[in-house]
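Written below as structure tokens is the structure these notes are about.
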Amino acid sequence: MCQRCLKCKPDRCHHCSQCNQCILKMDHHCPWVNNCIGYNNYKFFMLFCSYATMTSFYVAVVIFSGFVATVLERRPIQFTVVEFEYVVVFCLMMAVTVVLTGFTGFHYMLLLKNMSTIEHVEKRDPTKKDQVNPFDLGKEKNWVQVFGDNPWLWFLPVGRTVGDGVHWETNETLSAQAA
């Protein structure tokens with residue numbers, strides 16, 4: 001039972017204080033999209049992060065030659081506006097690319113472990129080593145759970161996440177089915 005909205009709260013559901021509602025498999029409240037990231041939009045969030053990372057990397061690569069030409073010229077430091085822009089934009093894009101790569105990589109690591117950011121933070125108890133995530137079904141099933149079973153739609157912002165967001169297969173039920 002959720003203490004704030006007084007509704008029945010299924011597993012992996014958390015109450016967002018900013019949205020003032022319970023979110024299925026809540027990952028976090030994202031200020032960039034002004035919405036909670038959870039069961040219904042996690043695939044779209046992952047695609048957004050991936051495409052933003054690739055775009056920032058692409059822009060950094062494209063302006064790299066202008067940056068190198070500006071920095072390596074052997075004349076007194078008198079940057080024109082365009083040369084100054086190459087230096088500033090390249091440095092900013094490298095910083096953005098590094099941050100986005102780390103952030104996106106972290107979320108792919110969580111996806112492959114079938115964990116949300118909230119579950120990851122809650123499970124970081126240094127006194128308990130070898131904690132097992134009951135929702136980790138293996139990398140392939142975890143991927144399919146978020147991106148769907150049709151590989152043609154994995155990298156397109158269409159389709160629905162597998163399941164209903166309320167009932168979750170666990171590795172215990174998976175091993176019981178195999179036995």
Side-chain angles (χ1 to χ4, degrees), residues 12-21 23-126 129 131 133 135-136 138-140 142-148 151-161:
R12 309 184 87 180
C13 183
H14 295 276
H15 189 90
C16 176
S17 57
Q18 291 180 322
C19 294
N20 199 28
Q21 63 182 357
I23 307 295
L24 296 174
K25 195 184 172 190
M26 181 177 171
D27 190 84
H28 66 284
H29 185 90
C30 182
W32 303 106
V33 295
N34 193 29
N35 202 356
C36 280
I37 306 301
Y39 169 76
N40 289 316
N41 61 359
Y42 193 65
K43 174 186 177 180
F44 307 113
F45 171 74
M46 291 300 295
L47 292 176
F48 172 72
C49 289
S50 300
Y51 295 146
T53 302
M54 287 187 278
T55 302
S56 67
F57 181 76
Y58 174 76
V59 170
V61 167
V62 166
I63 63 172
F64 180 70
S65 61
F67 170 76
V68 169
T70 300
V71 171
L72 294 182
E73 281 188 5
R74 308 239 183 234
R75 62 186 172 107
I77 299 184
Q78 285 182 304
F79 288 134
T80 66
V81 172
V82 172
E83 291 171 332
F84 181 73
E85 287 173 352
Y86 271 117
V87 172
V88 170
V89 171
F90 179 74
C91 292
L92 284 174
M93 287 315 299
M94 286 308 298
V96 167
T97 302
V98 167
V99 170
L100 277 175
T101 300
F103 184 75
T104 304
F106 172 72
H107 274 281
Y108 274 108
M109 183 265 311
L110 290 178
L111 183 147
L112 294 175
K113 291 181 177 183
N114 201 356
M115 292 181 91
S116 68
T117 302
I118 292 173
E119 291 167 344
H120 176 73
V121 170
E122 287 176 350
K123 302 271 188 274
R124 285 185 16 206
D125 186 355
K129 297 196 184 225
Q131 289 182 334
N133 175 14
F135 303 108
D136 187 358
K139 293 177 182 173
E140 186 176 327
N142 295 342
W143 179 275
V144 167
Q145 196 174 69
V146 172
F147 286 98
W152 292 101
L153 301 178
W154 283 352
F155 302 106
L156 297 174
V158 296
R160 288 205 29 92
T161 303

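By convention here, the first residue in the shown sequence is residue 1. Excluded from the calculations below are hydrogen atoms, water molecules and symmetry mates; all remaining heavy atoms, backbone and side chain alike, are included. Values in this document were obtained by computation on a predicted structure and should not be read as measured data.
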| task | Find out whether M109 and F106 are in side-chain contact, i.e. whether some heavy atom of one side chain is under 4.5 Å from a heavy atom of the other. | result | yes
| Any sub-3.5 Å donor-acceptor pair from K113's side-chain atoms to F135's backbone N or O? | no
| Under 3.5 Å side-chain donor-acceptor pair for E119 and N133 | no
| Smallest separation among heavy atoms of R12 and H14, with atom names | O-CD2, 3.9 Å
| message | I'd like to know whether N20 forms a side-chain contact (heavy atoms from CB on, under 4.5 Å) with H15, so could you lay out the CA-CA distance, the side-chain angles of the two residues, the decisive distance to 0.1 Å, and finally the verdict. | response | CA-CA 7 Å; N20 199 28; H15 189 90; 3.3 Å; yes
| message | So, applying side chain to side chain contact (heavy atoms under 4.5 Å, CB included) with V146, which one of L112, L111, N114 is it? | response | L111
| request: Tell me, please, which residues at least two apart from T55 pass side-chain hydrogen bond (donor to acceptor under 3.5 Å, both in side chains). | output: none
| query | If we only count heavy atoms from C-beta on, is the Y108 to M46 side-chain gap below 4.5 Å? | reply | yes
| Could you give the distance from SG (C13) to NZ (K25), rounded to the nearest 0.5 Å? | 13.0 Å
| note | Output for pair (D27 CG, L110 CG), nearest 0.5 Å, gives 6.5 Å
| said: I need the minimum non-hydrogen distance between F45 and C30, along with the two atoms involved. | reply: CE1-SG, 4.4 Å
| query | Out of curiosity, N40 CG to L24 CG, how far, rounded to the nearest 0.5 Å? | reply | 6.5 Å
| Looking just at side-chain N and O atoms, do S116 and Y42 make a donor-acceptor pair shorter than 3.5 Å? | no
| request: Show the numbers, then the answer: is there a ring pair (Phe, Tyr, Trp, His ring centres under 6.0 Å) between H107 and H28? | output: CA-CA 11 Å; H107 274 281; H28 66 284; 5.6 Å; yes
| request: Answer yes or no: does atom CZ of F44 have more than 12 heavy-atom neighbours from other residues, nucleotides or ligands under 6.0 Å? | output: yes
| said: Is a donor from one side chain sitting under 3.5 angstrom from an acceptor on the other, for N35 and H29? | reply: no
I'd like a table of donor-acceptor pairs (distance under 3.5 Å, sequence neighbours excluded) in which one partner is a side-chain atom from residues 91-104, with atom names and distances.
from	atom 1	to	atom 2	distance (Å)
T97	OG1	S56	O	3.3
T97	OG1	S56	OG	3.1
T97	OG1	M93	O	2.6
T101	OG1	T97	O	2.6
T104	OG1	C49	O	3.4
T104	OG1	T53	OG1	3.0
T104	OG1	L100	O	2.8

| request: Kindly indicate whether the side chain of L47, heavy atoms from C-beta on, has any atom under 4.5 Å from the side chain of F147. | output: yes
